[in-house]
Protein chains: 2
Amino acid sequence: MQYENIHHLVERYLSVSFIVMRKAAALVKYELDEDMTNDQYYLLRYIKKKAKCTSTELASLFGVNKSAITAMTNRLVKKGLIQRTRDQNDRRVVYLTLTERGNEWIMETEEKIHKLVESFISKFSEEEIETFIQTYEKLARILQEMEGAS
Amino acid sequence: MQYENIHHLVERYLSVSFIVMRKAAALVKYELDEDMTNDQYYLLRYIKKKAKCTSTELASLFGVNKSAITAMTNRLVKKGLIQRTRDQNDRRVVYLTLTERGNEWIMETEEKIHKLVESFISKFSEEEIETFIQTYEKLARILQEMEGAS
DNA sequence: AAAAAATAGTTTAACTGTTTAACTATTAAA
DNA sequence: TTTAATAGTTAAACAGTTAAACTATTTTTT
């Protein structure tokens, strides 16, 4: 498939995705407690959704080495927001779960972040945002497939 | 404006934007030389586009403190990819420009990154991608306005 | 014109996130 | 029962970030 202005489309995509990434990150950061980072928020958010998960799973989700996850989880354990428990059937595996404090923190924070996202999503028509998210989700699937292929 | 499933839309947006951000970053990184980072690519890309720019401008673009830009530009100067020159009219101002090597590097790299982005953009119909980018650009404008307001 | 305030950029210390390589412990496969 | 593979950690080195204090210069106020 070949478009006339493919070069221009790519330029627009690169510029806009960079800007949205940085500005959205800044707005999310603004909602968090002083001592918490965006990555820590996304990590806790994921554990909350899955109830429990492993380092390997997080490394794949974040697209980083497992040792990066070890470092991040160490900080969250130190803060008392998550805990490690070994699988009794396969003692290589370590499950990460939220502590009570971790659960409270992510609940409160999710509320703030939801309000933030609502505040800009509500500036689009329902049809526009639905179409946008559908294409975005298709893009996510394509990127995940490409990762495996390359 | 109130949607029925606003909560669900926000959840989808948060999940998909996180995944696309991380996976796209991994794919871009894969195209770069070993010793170059994504942020360095985006910084050089911006200087190329503007021909010359200042720390303050980059700090605003990246949404970070000026000292973060100083650190980044120091590394790029050390690598011989950019250079600093003082404005003769206002000697507080330092302009950043590409060196010849910096220009060559960004030209080669832009070609690789364009091919990468084309490879997934071409999986959408022209109408779908045009609509998507338009909404994405509208989102970028909204986020930039919000930043000023908050 | 002199003093005060604002602007552009740098330095430093401390921290988060990241990779690579070497490592431990455990389980699965030959 | 060796050998492989898997799950996770450690340590060193670096990129990116913030906050606060700083230098140098220009603009505004009085």
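Side chains included, hydrogens not; waters and symmetry mates left out as well; all remaining heavy atoms used.
A glycosidic torsion no more than 90° from 0 defines the syn conformation, and D:dA4 adopts it.
In this structure, A:Asn38 reaches neither bases nor backbone, as no heavy-atom distance under 4.0 Å exists between it and the strands shown. Using a 4.0 Å heavy-atom criterion, one finds that B:Thr56 contacts the sugar-phosphate atoms exclusively. If you check every strand for non-hydrogen atoms under 4.0 Å, A:Asp35 touches nothing. Contact annotation for A:Asp90: backbone-only contact, meaning every heavy-atom pair under 4.0 Å involves sugar-phosphate atoms and none involves a base. Using a 4.0 Å heavy-atom cutoff across all strands shown, B:Arg84 reaches sugar-phosphate atoms only and no base atom.
Between A:Thr37 and C:dG17, a side-chain N or O to OP1/OP2 separation shorter than 4.0 Å is present. Contact annotation: A:Ser55 reaches the phosphate of D:dT9 (side-chain N/O to OP1 or OP2, under 4.0 Å). Within the structure, every side-chain polar atom (N or O) of B:Arg91 is placed at least 4.0 Å from both OP1 and OP2 of C:dG9. Listed pair B:Arg22 / C:dT18 meets the phosphate criterion, a side-chain N or O lying under 4.0 Å from OP1 or OP2.
Distances were taken from every side-chain heavy atom of A:Val64 (C-beta onward) to each of C:dT19, C:dG17, D:dG8; the shortest belongs to C:dT19. Of the listed nucleotides (D:dT10, C:dG9, D:dT17), D:dT10 has the atom at the smallest distance from the side chain of A:Ser67. Of the candidates C:dG17, D:dT25, D:dA15, the closest approach to any side-chain atom of A:Asp39 belongs to C:dG17. When each of D:dT18, D:dA7, C:dG9 is scored by its nearest atom to the side-chain atoms of B:Val94, the top-ranked nucleotide is C:dG9. Minimum atom distance to the side chain of B:Arg75 is reached by D:dT17, of the listed C:dT18, D:dT17, C:dG9. Distances from the side chain of B:Thr70 to the nucleotides C:dT18, D:dT26, C:dT11 place C:dT11 closest.
Here C:dT27 sits opposite no nucleotide as a Watson-Crick or G-U wobble pair (both hydrogen-bonding atom distances under 3.5 Å). Pair assignment for D:dA4: none, as no Watson-Crick or G-U wobble contacts are both less than 3.5 Å.
Mapping B:Ala71 and A:Arg92 onto DNA chain C via the closest heavy atom, the residue that lands nearer the 5' end is B:Ala71. If you find the closest nucleotide of DNA chain D to B:Gln88 and to A:Thr54, the one lying nearer the 5' end belongs to A:Thr54.
Straight-line distance from the CZ atom of B:Phe62 to the C1' atom of D:dT18: 16 Å, rounded to whole Å. Between B:Lys29 atom NZ and D:dG16 atom P the separation is 9 Å, expressed in whole Å. A:Ile82 places its CD1 atom 12 Å from the P atom of D:dG8, with the value rounded to the nearest Å. Across the protein-nucleic acid pair, B:Ile69 atom CD1 and D:dG16 atom C1' stand 10 Å apart, rounded to whole Å. Residue B:Asn74 contributes atom CG, which lies 14 Å from atom P of D:dT17 at whole-angstrom precision. In this structure, A:Asp87 atom CG and D:dT6 atom P are separated by 17 Å, rounded to whole Å. Rounded to an integer number of Å, the gap from CZ of A:Arg86 to P of D:dG8 is 8 Å. Atom CE of A:Met72 is separated from atom P of C:dT16 by 11 Å (rounded to the nearest Å).
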For this session: Go through B:Arg12 and A:Glu130 one step at a time and tell me if the salt bridge (Lys or Arg N to Asp or Glu O under 4.0 Å) criterion holds.
Result: CA-CA 10 Å; B:Arg12 283 168 71 198; A:Glu130 180 65 42; 3.2 Å; yes
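The environment of NZ in B:Lys52 is sparse: at most 12 heavy-atom neighbours from other residues, nucleotides or ligands sit within 6.0 Å.
Cluster membership for A:Leu14 and A:Ile6, using ILVMFWY side-chain heavy atoms within less than 4.5 angstrom, is shared.
The only option from B:Tyr46, B:Tyr136, B:Phe62 that meets the ring-ring contact (aromatic ring centres under 6.0 Å, His included) definition with A:Phe18 turns out to be B:Phe62.
Side-chain contact between B:Leu76 and B:Met36 is present, with at least one heavy-atom pair separated by less than 4.5 Å. Side-chain contact between B:Lys115 and B:Glu31: absent, with no pair of heavy atoms (C-beta onward) separated by less than 4.5 Å.
Between B:Phe132 and A:Phe132, the ring planes are parallel. Angles under 30° get that label, and only those over 60° would be called perpendicular.
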